[in-house]
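Right, one structure below, let's go through it.
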Amino acid sequence: MTFRYAGASATGKGHLDTGTDCEDAWRVTANEYGIVACVCDGAGSASRSAEGARCLADAVCEGLICELENLDSQTIIGTLAEAIENTRRALAERGPLSDFHATLCGVAMGHDQSVVFHLGDGIVLGTATPDWEDFVVSEPENGDFAETTYFFTLPDWRRHLRIFSVPGKYRSWFLMSDGTASFAVKTAPWRPTSRFLVPIHRYLLNQTNDTECSQALMSTLQSPEADRITADDKTLVWLNDQRQN
């Protein structure tokens, strides 16, 4: 298979202590033309945010997988907006949209280029490995106050949706919720870390079983070291195009 991936969502200590479930969700879908990945982070203040995150990740991946043969940012704008709107309508039939608050970060990777899409916080980071100094990053967008961000369930979600194309040389991608971003990347400016992302990438490249790779990511996210840094839920998804290795 040309494209490989691994992903995991770990329940944060804050939820473990209260006996509540993880509110992050991730989804990856692939075909012969490429791969689509999403990470959605449900808001802790919303009662059904885990449901909102899961529904959004599924709808976006299922919609965009059909666009990979002729991939560019203009092509997917309409499809992505339709997937978000359809999710909003479906959830509105179940209850107030504010119960389902979630962010969205993702990438659609084809053979010649990738398209990044992002709404709210979290990080999308692509590298031209093995040159870790050559990378592209979509940074989190936070609100006017500390620990606030933007959600697909808000009336003005379109104003905060970011979409851009990325050259084909960036063939390794990391998507993460803000819980993982708190220790997986450096800030000011945002950039990959040699002590976390680089060894994870090298380890995953040397494995042949993607299920075992996802289990390894889960163990890393559930480690005591990660829990000491943040009590938040933690999600990390890794994508790689094997042609470039």
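Quick caveat, the model's predicted, so the values are computed rather than measured.
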All heavy atoms of Cys105 vs all of Ile123, minimum pair found to be SG-O, 4.0 Å
So, does Asn209 use its side chain to make a donor-acceptor pair with the main chain of Glu212 at under 3.5 Å?
yes
Arg88 side-chain N/O to Leu154 backbone N/O, donor-acceptor pair under 3.5 Å
yes
Spacing of Ser47 atom OG and Phe100 atom CZ [to the nearest 0.5 Å]
7.0 Å
Pairwise ring-ring contact (aromatic ring centres under 6.0 Å, His included) hits with a residue in residues 25-58, at least two apart:
none
Under-4.0 Å salt bridge between Arg171 and Asp241
yes
Rounded to the nearest 0.5 angstrom, the CD1-NZ distance for Ile229 and Lys13 is 14.5 Å
Is it true that Leu221 and Leu16 fall in one hydrophobic cluster, defined by side-chain heavy atoms closer than 4.5 Å?
no
Does a donor on one side chain sit under 3.5 Å from an acceptor on the other, for Gln242 and Asn240?
yes
Does any N or O in the side chain of Gln207 come within less than 3.5 Å of the main-chain N or O of Tyr203, such that one atom is a donor and the other an acceptor?
yes
Cys66 versus Thr79: any side-chain heavy-atom pair under 4.5 Å?
no
Does Glu225 CD have over 12 foreign heavy atoms under 6.0 Å away?
yes
Qualifying residues under ring pair (Phe, Tyr, Trp, His ring centres under 6.0 Å), relative to Tyr170, sequence neighbours excluded
none
Contacts of Phe151 that satisfy ring pair (Phe, Tyr, Trp, His ring centres under 6.0 Å) - sequence neighbours left out:
His101
Any donor and acceptor pair, going by atom type alone, linking the side chain of Asn31 with main-chain N or O of Ile65 inside 3.5 Å?
yes
Correct closest heavy-atom pair for Ala108 and Leu68 would be CB-CD2, 3.9 Å
Compare all side-chain heavy atoms of Phe152 with those of Leu91 and state whether any distance is below 4.5 angstrom.
yes
Verdict with supporting geometry, Asp24 and Thr235, side chain to side chain donor-acceptor pair (under 3.5 Å):
CA-CA 7 Å; Asp24 286 358; Thr235 296; 2.9 Å; yes
Determine whether Trp238 and Leu205 make a side-chain contact, defined as any pair of heavy atoms from C-beta on separated by less than 4.5 Å.
yes
Check the pair Phe117, Ser138 against side-chain contact (heavy atoms from CB on, under 4.5 Å), reporting the backbone distance first and the verdict last.
CA-CA 8 Å; Phe117 47 94; Ser138 183; over 6 Å; no
Backbone N or O of Ala6 within a donor-acceptor pair of the Asp210 side chain at under 3.5 Å?
no
Which heavy atom of Leu71 sits nearest to which heavy atom of Gly110, and what is that distance?
CD2-N, 3.5 Å
Donor-acceptor check, side chain of His15 to backbone of Thr20, threshold 3.5 angstrom: yes or no?
no
Please check: side-chain N/O of Arg4 versus main-chain N/O of Leu204, any donor-acceptor pairing under 3.5 Å?
yes
The reported gap from CG in Asp227 to NZ in Lys234 (rounded to nearest 0.5 angstrom) is 4.5 Å
Transitive ILVMFWY side-chain link Leu236 to Met218, under 4.5 Å:
no
Trp132 meets the ring pair (Phe, Tyr, Trp, His ring centres under 6.0 Å) criterion, sequence neighbours left out, with His201
Closest heavy-atom pair and its distance - Thr103, Thr149
CG2-CG2, 3.7 Å
State whether the side chain of Asp58 and the backbone N or O of Cys61 hold a donor-acceptor pair below 3.5 Å, judged by distance alone.
no
Any chance you could lay out the side-chain contact (heavy atoms from CB on, under 4.5 Å) test for Cys38 and Leu175, step after step, and finish with the verdict?
CA-CA 8 Å; Cys38 290; Leu175 287 70; 5.6 Å; no
Hey, does Ile84 have a side-chain heavy atom less than 4.5 Å from the side chain of Leu161?
yes
Applying side chain to side chain contact (heavy atoms under 4.5 Å, CB included) to Arg89 and not counting sequence neighbours gives Glu85, Asn86
Between CZ on residue Arg54 and OG on residue Ser9, distance to nearest 0.5 Å
7.5 Å
Looking at every heavy atom in both Ala226 and Thr220, which two are closest together, and how far apart are they?
CB-O, 4.0 Å
Hey, mind stepping through Asp41 and Asp233 against side-chain contact (heavy atoms from CB on, under 4.5 Å) and telling me if it holds?
CA-CA 8 Å; Asp41 184 351; Asp233 297 333; 5.7 Å; no
Which residues share a ring pair (Phe, Tyr, Trp, His ring centres under 6.0 Å) with His160, sequence neighbours left out:
Tyr150
Give the minimum heavy-atom separation between Glu139 and Arg162, together with the two atoms involved.
O-NH1, 2.6 Å
Should Gln113 and Asp72 count as side-chain neighbours, where that means a heavy-atom distance under 4.5 Å?
yes
When rounded to the nearest 0.5 Å, the distance separating OG1 of Thr180 from CZ of Phe174 is 12.0 Å
Does the side chain of Phe3 reach to within under 4.5 Å of the side chain of Leu239, using non-hydrogen atoms?
no
Can any side-chain N or O of Thr18 pair as donor or acceptor with the backbone N or O of Gly14 at less than 3.5 Å?
yes
Flag side-chain contact, heavy atom, 4.5 Å: Leu125 against Pro192
yes
Other residues, nucleotides and ligands only: do more than 12 of their heavy atoms fall within 6.0 Å of CG on Asp112?
no
Could you check whether any side-chain heavy atom of Val166 comes within less than 4.5 Å of a side-chain heavy atom of Trp173, counting everything from C-beta outward?
yes
Pairwise distance CG(Leu80) to OG(Ser73) - rounded to 0.5 angstrom
11.5 Å
Expected output: side-chain Arg27 to main-chain Glu62 donor-acceptor under 3.5 Å:
no
